[in-house]
Amino acid sequence: MANFYDDDKLTENESLEEKDETVESNESLSESQEESLMTFDQPAQETAEDTDNDNASEQSSSEENRKSEDSDTEYAQDSEKPKKEKKGLNISKKTKIIVSVTVVATVLVLLLGVMLPILLYHAPRIFVKTAEDFVAGDKVGAVGKYFYSLDKDISCDTLTLENGNVYSIDMNKHDITVTNDFNIVCTEERTGTLYIGTRKNDTTYNNKKATLKAKTIIINAPNLDVVIAADVVAESIDVTAKSFAIANSRNGEYSKLDINITAQAVKFNGNISASAGSAINITECANIVVNGVKIESTLNIKTSSSLTALKGSQISTLNLDDTSTASIAGSVSLVNGGKQVVMEIGHNCNTYENINSLVIFRDSNKGSTIKNCRAVIWVEQLAKPLDINIEEVNGKIYCVVSAVQYASSYNYYVNDELVSEANKSTRLDITSYVKEAGKYNIKVKPVGNYVSGMDLSENNSGTMYVDGEAISTDYNCVFTLQAPQNLKVTKQDGQYILSFDSVLHAETYKIIIDGKEIKRSDASKTTEDITQYLAGVGNHSIRVQALNSNSNIHNSEESMTSCSVTASLEAVTGITAELQDENGAINVKWQGVANGFEYEVSLQVNGKNTVVVGRTSVLNEDGSVAFVINLDDLGIEYSSADTYKIIVKAVGHGYYTDSVVAYVNLGSNANA
């Protein structure tokens with residue numbers, strides 16, 4: 001039967017209560033601090049002993065003083081001295097202190113004798129010294145009303161907690177060892193959180209010096225949130241719960257560690273150390289979190305489940321069915337299957353296979369192998385706007401920002417307040433936000449077309465963009481010559497021509513391209529061939545300022561526009577193809593091109609329909625790229641009589657467009 005606090009347990013329970021309070025108050029102490037604390041415990045005991053000796057000595061002294069006082073009294077009566085001349089009792093100061101302390105101590109003992117049994121009786125602990133003590137008896141209530149507290153390590157053959165006996169277990173820095181099955185069954189309509197571990201407070205448990213070991217752990221509690229904070233050693237764990245969280249787990253002396261979980265939410269807070277062949281199977285779980293820990297088991301995610309692996313997480317192999325999704329910021333060796341898999345910034349993965357929609361943040365140049373993925377979507381960050389300017393025109397104040405390639409819109413801020421969201425224009429009237437003379441900070445952020453959490457399962461391969469960094473400038477209100485208007489760059493016969501409107505009273509115009517003023521043969525003209533100043537692909541900023549040499553007329557603010565220069569990627573060279581074996585595997589190889597990140601491979605059989613067979617971004621150390629075409633996977637039966645045309649092109653990105661295709665023929669009639 002369970003051991004509850006009662007009168008015959010007061011001494012033991014009081015000691016345990018004091019012990020727990022000491023443990024809780026010193027949870028954060030380092031080992032050296034704990035040693036220091038232990039060092040101070042012994043002198044405290046010695047002092048207590050010395051105090052007891054002093055008390056005994058003082059009591060003896062007090063007795064002697066009492067006898068002496070009696071003797072004095074008798075002496076006074078015998079001598080018949082006048083009563084008014086009698087002196088007071090001769091009690092020393094030390095004796096008075098001892099008497100006072102004794103009285104206070106007696107009062108405290110009496111109070112504790114009354115209050116402590118009441119307080120301890122209502123404490124929610126069920127003390128456990130043997131496996132048989134895991135019985136709540138008549139103390140039935142909500143899951144959080146009571147909890148088991150281990151007095152010592154527990155060992156047994158089997159252990160079952162069922163319905164009314166199901167409460168949290170405070171391991172109290174002890175271990176539970178079950179030779180065979182450890183079962184928790186709570187099929188009643190009981191709700192709350194079931195904790196297993198060393199208890200710190202009502203809602204905090206940890207794995208400090210606490211190990212739960214059983215060959216099989218079975219938890220059937222569909223209405224409970226289950227948290228195992230203890231270190232777990234098991235061969236198999238089967239869980240049905242509302243939610244489930246687990247700390248460090250390992251198979252120990254068992255051959256493997258298999259875990260099966262059915263819950264609405266699952267969280268791995270500790271490493272799962274398991275031998276080869278071990279697996280974790282999770283079904284119908286909308287919120288699975290790998291909290292920056294290492295999982296050595298194969299992780300199988302099924303039936304519309306969703307996994308998030310936070311930064312620092314390490315997963316051996318991740319398998320998903322075609323209804324499940326994953327978002328990974330850690331590392332994984334292999335991702336196989338899935339409706340949609342998003343590889344976030346900081347990810348690391350060697351191989352992707354059989355994924356419907358694979359989304360990869362391009363935050364590193366490390367290559368990976370992609371096999372049989374329907375769509376591969378690369379995510380890049382938009383470039384930061386190259387330039388920003390404030391213009392005053394006809395009493396209006398405008399913010400103008402240089403365009404960013406692929407930006408879907410722009411967000412405008414005045415003194416960190418968002419004043420225009422998802423604005424597709426690179427020019428915004430901010431007059432109403434600049435109401436008084438003074439200094440303002442104007443900021444513009446380019447907005448991309450990718451948003452975290454969006455469903456891309458129906459998208460095709462391509463590139464998407466996240467928001468770029470914002471550009472800002474400080475603005476002071478001034479009124480001078482009107483800034484040149486209608487700046488635009490047009491391409492005529494391969495030349496880039498800048499034009500703008502003339503400004504009243506302007507004598508000349510200064511043109512600045514990418515921060516450098518250009519030399520003009522006629523500075524009064526409102527057109528200029530700027531081709532030679534647009535060096536290289538990318539965004540270019542162009543500013544124009546109206547000038548006047550008269551000291552009474554101030555020069556205008558600069559007006560700004562921008563233009564983008566693009567170029568096609570070079571065609572791949574050195575393309576070769578050879579038959580790998582009689583089953584129809586074709587090895588294709590070519591030389592990578594400058595600024596090329598990805599290549600698309602297509603196949604044409606006997607001059608008929610051309611199909612795209614794959615894409616790759618893997619670049620060898622010598623700058624070459626290799627790709628294998630498996631005809632069997634394409635449903636094409638190899639024949640030596642057929643002719644195969646392998647076509648390769650470099651896929652465009654950023655300011656580079658697709659290259660022209662390069663190809664090579666393979667087969668008996670390849671040169672026909």
Just by distance, no angles: are the side chains of [X] and [Y] close enough, under 3.5 Å, to form a donor-acceptor pair?
{"X": "S568", "Y": "T657", "answer": "yes"}
{"X": "D529", "Y": "T531", "answer": "yes"}
{"X": "Q340", "Y": "T325", "answer": "no"}
{"X": "N539", "Y": "S564", "answer": "yes"}
{"X": "N415", "Y": "N441", "answer": "no"}

Donor-acceptor pair, [X] side chain versus [Y] backbone, under 3.5 Å?
{"X": "E578", "Y": "N587", "result": "no"}
{"X": "Q545", "Y": "S556", "result": "yes"}
{"X": "Y599", "Y": "G592", "result": "no"}
{"X": "Y406", "Y": "G654", "result": "yes"}
{"X": "S357", "Y": "L456", "result": "yes"}
{"X": "T303", "Y": "E284", "result": "no"}
{"X": "Q591", "Y": "D622", "result": "yes"}
{"X": "N356", "Y": "K339", "result": "yes"}
{"X": "S425", "Y": "R427", "result": "yes"}

Distance-minimising heavy-atom pair for [X] and [Y]:
{"X": "V537", "Y": "T566", "value": "CG1-C, 3.9 Å"}
{"X": "S559", "Y": "E391", "value": "CA-OE2, 3.2 Å"}
{"X": "S457", "Y": "R374", "value": "O-NH2, 2.8 Å"}
{"X": "N459", "Y": "A375", "value": "O-CB, 3.3 Å"}
{"X": "V565", "Y": "H540", "value": "CG2-CD2, 3.7 Å"}

How about CD on Q405, more than 12 heavy atoms from neighbouring residues, nucleotides or ligands closer than 6.0 Å, or not?
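Counting neighbours around CD of Q405, more than 12 heavy atoms of other residues, nucleotides or ligands fall under 6.0 Å, so yes.
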
Could you check whether atom CD of Q492 has more than 12 heavy atoms from other residues, nucleotides or ligands sitting under 6.0 Å from it?
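Atom CD in Q492 is crowded, with more than 12 foreign heavy atoms closer than 6.0 Å.
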
Kindly say whether the aromatic ring centers of Y450 and F361 come within a distance under 6.0 Å.
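Distance test on ring centres: under 6.0 Å, yes.
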
Parallel, tilted or perpendicular: which one describes the rings of Y475 and Y440, with boundaries at 30° and 60°?
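If you compare the ring of Y475 with that of Y440, the planes turn out tilted.
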
